[in-house]
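Comments concern the structure below.
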Amino acid sequence: MNLPTVLDLIAGRETTTRQRADQLREQITALTEELARLDGELADLATTRTTLRTLAAAEFTADDPTIASGPYQQILHILSTAPTGRRAKGICLALGVEPLPKHVEGTRAKLKRMVNHNVLTENEPGVFALNPKRT
């Protein structure tokens, strides 16, 4: 072989190697961008998890959980349609909850909690109504 042929072979190999290196650099760039996106999503999910845990913990220890929680909001909505008040069993029925003793007692506990926070009144034993001072 002569020198020009060897140099042509080297030049051809160099071109092929450079093209492959450029392809790999593009893949690295794309993978780096995808990794950064996924890392950001993971960070967002971790923040969301922490926030939800904090909110859930606060809801169960808050001074006035009646305003923050869905079940309490549903009870308030039911009582807003009954100006004379309702019993725990009637609220269960209005919510579509089977009036088993455990459900009625759970609802009664929520109602009593709302009475303690001056959201509801219990003018008659077992009959709960919205506190007129809060409406």
Side-chain angles (χ1 to χ4, degrees):
M1 263 198 215
N2 63 16
L3 185 60
T5 304
V6 172
L7 291 176
D8 286 343
L9 289 172
I10 292 173
R13 179 69 182 187
E14 185 179 27
T15 301
T16 303
T17 304
R18 185 172 287 117
Q19 288 172 346
R20 182 68 182 134
D22 289 343
Q23 289 173 346
L24 289 174
R25 283 186 194 94
E26 288 175 12
Q27 286 179 335
I28 289 170
T29 300
L31 289 172
T32 301
E33 290 171 0
E34 179 69 6
L35 180 60
R37 187 188 68 74
L38 291 174
D39 283 340
E41 185 175 342
L42 286 171
D44 290 345
L45 290 169
T47 300
T48 301
R49 180 185 305 108
T50 301
T51 302
L52 287 175
R53 283 183 177 158
T54 302
L55 290 174
E59 180 177 319
F60 294 112
T61 59
D63 289 337
D64 192 358
T66 58
I67 304 304
S69 133
Y72 288 96
Q73 289 293 321
Q74 291 172 335
I75 290 171
L76 289 174
H77 177 71
I78 295 297
L79 289 173
S80 71
T81 63
T84 59
R86 286 190 179 213
R87 296 187 175 277
K89 185 175 183 178
I91 291 172
C92 284
L93 291 170
L95 291 171
V97 175
E98 190 173 358
L100 297 173
K102 66 180 184 179
H103 296 146
V104 173
E105 288 307 312
T107 301
R108 184 173 287 112
K110 287 178 178 69
L111 293 165
K112 292 283 189 178
R113 200 169 296 127
M114 287 193 283
V115 168
N116 290 337
H117 288 113
N118 296 316
V119 175
L120 301 180
T121 60
E122 186 179 10
N123 294 331
E124 297 176 39
V127 179
F128 300 90
L130 290 176
N131 188 339
K133 297 175 187 172
R134 296 227 9 157
T135 55

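Just so you know, these numbers come straight off a predicted model, no measurement behind them.
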Exercise for review: Begin with the C-alpha distance, continue with both residues' side-chain angles, and end with the deciding distance and a verdict on side-chain contact (heavy atoms from CB on, under 4.5 Å) for E26 and T29.
Suggested key: CA-CA 5 Å; E26 288 175 12; T29 300; 5.7 Å; no
Exercise for review: Determine the minimum heavy-atom distance between L76 and L130, stating which atoms define it.
Suggested key: CD2-CD2, 3.7 Å
Point to revise | From M114 atom CE to I75 atom CD1, the distance as rounded to the nearest 0.5 Å | key: 4.0 Å
Revision key, fill the gap. One should read off an interatomic distance between S80 OG and Q73 CD, to the nearest 0.5 angstrom, of 10.0 Å
Exercise for review: Please report the shortest heavy-atom distance between H103 and C92, naming the atom on each side.
Suggested key: O-SG, 3.6 Å
Exercise for review: Using modelled atom types only, decide if a donor and an acceptor are shared between the side chain of R87 and the backbone of P125 within a distance under 3.5 Å.
Suggested key: yes
Revision key, fill the gap. Closest non-hydrogen atoms of F128 and L111, given as atom of the first, atom of the second and distance, are CD1-CD1, 3.5 Å
Exercise for review: Report whether I91 and V127 are members of the same hydrophobic cluster (ILVMFWY, side-chain heavy atoms less than 4.5 Å apart, transitive linking).
Suggested key: no
**Study point:** Gap between atom CD of E122 and atom CG of N131 - 0.5 Å precision
**Key:** 12.5 Å
Review point. If you measure from CG on L95 to OG1 on T107, what distance do you get to the nearest 0.5 Å?
Key: 6.5 Å
**Study point:** Interatomic distance, L100 atom CG to K89 atom NZ [nearest 0.5 angstrom]
**Key:** 10.0 Å
Review point. Out of R18, R20, Q19, which one pairs with D22 under the side chain to side chain contact (heavy atoms under 4.5 Å, CB included) rule?
Key: R18
Check your understanding: From D39 CG over to L35 CG, what is the distance, rounded to the nearest 0.5 angstrom?
Key -> 4.5 Å
Review point. Are Y72 and I78 connected, step by step, through hydrophobic side chains (Ile, Leu, Val, Met, Phe, Trp, Tyr) whose heavy atoms are closer than 4.5 Å?
Key: yes
Review point. Between G85 and A129, which heavy-atom pair has the shortest distance, and what is it?
Key: CA-CB, 3.8 Å
Exercise for review: For the pair K102 and E105, find out whether any cationic side-chain nitrogen is under 4.0 Å from an anionic carboxylate oxygen.
Suggested key: no
Check your understanding: If Ile, Leu, Val, Met, Phe, Trp and Tyr residues are connected whenever their side-chain heavy atoms lie under 4.5 Å apart, and connections chain through other members, are V119 and V115 in the same group?
Key -> yes
